[in-house]
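As a basis for the values below, the full set of heavy atoms in this structure was taken, side chains included, without hydrogen atoms, waters or symmetry mates. Starting from 1, each residue takes its place in the sequence as its number.
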Amino acid sequence: MKKKIFAVAAAALAIFAGSGMKADACSRILYVGNDNLRIVGRSLDWKTPIPTNLYVYPRGIAKVGSDAPGAIKWTSKYGAVYAVSYDSGITEGMNEKGLSVNGLFCKGTVYVNDRTQGRPPMSMAMFVAWMLDLNATTPELVAQLKDQNFSISGATFDGGTVSTLHWGVTDAEGRSAIFEFKDGDLVIHEGQDMLALTNDPQYPQMTAINDYWTAVGGTNMLPGTVRSADRFVRGDFFAKHVAKTGDTKEGLAIIRSILMNVSVPYHYAIETEPNVSMTQWRSFSNLRDKLYYFDMATSEGIYYVDLKKCDLRKGAPILKFNTSKHTSVCGDVTKLFEKNPGFVPMY
C-alpha cells in the first residue's frame, strides 16, 4: 500500500514539476471544531493590492449573470455577504444559511469546449452570487452545477490577467465540494469536511501529493515553501491536528494561526516564480454563527459582519463596507455598513 501511495504521489509531483505552470498563492482551509463550529479560512494572494470591499445583499433582488444575450437570470432566495474585488466582481462569500463559496486561481483551467458553446452565458463577476443566492446547502448547489446550463466567461483584469479558477464549497453541516473545469468539462469532487484547497495542480493530483506526505507523517517534517502543494499539505495537516473547540473566538484564533502558516509574507517575492504572490487579505467564514471576518494585510485589525444582525428581507437596502475607508477598525463592524446601490459587474 505504501509503495502504491508513493508511486501515485511521485507521478503527481512529476506532472506538476514538468508542467511549467506557476501557481498563484491562494489557500482555503476548513477548521472543524465542536458543537457544529466550522470556519472556512482563505487567503487571497496577488502581486499587487487588489481593492476589495464587502457588500451585503438582501433576498429578493433580480440579477443577471452577464450582459450578453440570453444570459442566466435569477432572483435571490437568500441574503449574503460578498467580497467584491475592484468593486466589479465577486471573489467569494457566505449566505445567511451558512453556505460558503471561495474561488482560487488554478492554472490550466479551461471553461468552454464545443459542447458548452451556445449555453446561457455566465460572467465570472456574478458566478458566486448565482451559487449563493439560490442554494442553502452544498448538495443543492452541486445539483445546480451538474446541470451545467451555463457557459463561463469573464473580463481580464490587472493588465490582462485571465481569471482561471476552481472553487471550494462548504455548508453549515460540513458537506463539501471542490469543482474544477477540465478541458471545458465540469468536474465535481464531493465529501464531508474537505479541509484544504490551494492552486495547482488540480485536486486529484494535489491529494496524491498530500497522501505522500501523510504517509511520511508531519510531526517531524512538513514541506515549508510557499508553493501551492506545500501550502496544501501544511494546511491539511494542521487542520487535522489542532485542538477542537466549540468556542467562537478560540476557533477563530486557531484557523487564523493556520492561515498565517500558509500565507505568503507581505512583500515576499521569488524572481524565478513571479506568480507566487504575497497575501493581500484573509477571510474567515463562521458557518455556524454566520459571522464573516475580514483581515487586510495592511489594516490594523480584523473585523467582521454579523449576518444575523443584517436586514436581509426583500426590499431591504444593499449595504457596503469600504475597506479602504476603515483601516483602523476591529471587531463587529456591522453598523458601519452603509446603504449603497450595489456594485457594477465587470462582465
Side-chain angles (χ1 to χ4, degrees), residues 25-45 52 54 78 80-83 90-106 127-129 131-132 135-142 165-179 189-199 203 206 231-232 234-240 242 244-263 279-295 302-308:
C26 298
S27 304
R28 180 189 194 267
I29 307 297
L30 170 63
Y31 172 71
V32 183
N34 297 326
D35 303 323
N36 295 318
L37 177 63
R38 287 179 173 83
I39 306 176
V40 177
R42 77 81 51 89
S43 65
L44 188 287
D45 304 352
T52 303
L54 307 183
Y78 306 108
V81 54
Y82 307 139
I90 305 172
T91 301
E92 64 164 38
M94 178 183 71
N95 70 19
E96 62 180 296
K97 296 298 182 179
L99 180 69
S100 171
V101 176
N102 311 89
L104 284 70
F105 269 87
C106 184
F127 190 38
V128 171
M131 293 185 278
L132 290 174
N135 299 283
T137 68
T138 300
E140 290 179 25
L141 174 53
V142 168
L165 307 180
H166 58 180
W167 289 264
V169 179
T170 304
D171 65 20
E173 301 300 320
R175 292 166 292 194
S176 301
I178 290 167
F179 65 95
H189 311 278
E190 297 180 71
Q192 179 67 29
D193 293 321
M194 300 171 77
L195 298 179
L197 180 66
T198 53
N199 310 108
Y203 192 68
M206 188 70 82
R231 289 182 283 106
F232 186 107
R234 291 202 306 279
D236 182 79
F237 175 82
F238 288 122
K240 289 175 179 174
V242 291
K244 290 185 177 293
T245 181
D247 181 79
T248 299
K249 291 184 178 179
E250 189 173 15
L252 176 65
I254 291 171
I255 187 61
R256 281 187 76 193
S257 65
I258 296 175
L259 256 290
M260 291 290 188
N261 189 280
V262 299
S263 293
T279 296
Q280 300 290 342
W281 53 259
R282 287 170 286 265
S283 70
F284 305 92
S285 299
N286 182 328
L287 309 183
R288 182 190 70 182
D289 302 318
K290 314 305 184 291
L291 306 174
Y292 181 81
Y293 298 83
F294 209 67
D295 182 13
I302 183 172
Y303 44 83
Y304 67 92
V305 58
D306 187 342
L307 281 183
K308 301 186 303 297

_Minimum heavy-atom distance between S176 and L30, given as atom pair plus value_ = OG-CD2, 4.4 Å
With sequence neighbours excluded, residues passing side chain to side chain donor-acceptor pair (under 3.5 Å) with [X]:
{"X": "K308", "answer": "D306"}
{"X": "D236", "answer": "N210, K240"}
{"X": "W167", "answer": "none"}
{"X": "D193", "answer": "R38"}

Within the distance-only criterion (no hydrogens, no angle test), does the side chain of [X] pair as donor or acceptor with the backbone N or O of [Y] below 3.5 angstrom?
{"X": "N34", "Y": "L37", "result": "no"}
{"X": "T138", "Y": "D171", "result": "yes"}
{"X": "N199", "Y": "F105", "result": "yes"}

*Can you pull the salt bridge (charged side-chain N to carboxylate O under 4.0 Å, His left out) pairs that have at least one residue in residues 92-101, sequence neighbours excluded?*
R42-E92, R59-E96
*Write out all pairs satisfying salt bridge (charged side-chain N to carboxylate O under 4.0 Å, His left out) with one or both partners inside residues 27-37, taking only residues at least two apart or from two chains.*
none
*Check the angle between the aromatic planes of F127 and F179 and answer parallel, tilted or perpendicular using the 30° and 60° thresholds.*
perpendicular
_Working to the nearest 0.5 angstrom, can you tell me the gap between L44 CG and S263 OG?_
10.5 Å
*Measuring from C26:SG to Q280:CD, what's the distance to the nearest 0.5 Å?*
10.0 Å
Under 3.5 Å, which donor-acceptor pairs link side chains of residues 249-259 to any protein atom two or more places apart or in another chain?
from, atom 1, to, atom 2, distance (Å)
E250, OE1, T245, OG1, 3.1
S257, OG, A253, O, 3.4
S257, OG, I254, O, 2.6

_Test salt bridge (charged side-chain N to carboxylate O under 4.0 Å, His left out) applied to R288 - qualifying residues, sequence neighbours left out_ = none
*In chain order, what residues pass the salt bridge (charged side-chain N to carboxylate O under 4.0 Å, His left out) check against E190, with sequence neighbours excluded?*
K146
Residues two or more places apart in sequence or in another chain: which of them pass ring-ring contact (aromatic ring centres under 6.0 Å, His included) with [X]?
{"X": "Y304", "result": "Y293"}
{"X": "Y31", "result": "none"}
{"X": "F232", "result": "none"}

*With respect to W281, which candidate in D295, D45, T52 satisfies the side-chain hydrogen bond (donor to acceptor under 3.5 Å, both in side chains) definition?*
T52
*Any side-chain heavy atom of L104 sitting closer than 4.5 Å to one from L165?*
no
*Less than 4.5 Å apart, any side-chain heavy atom of Y203 and any of T198?*
no
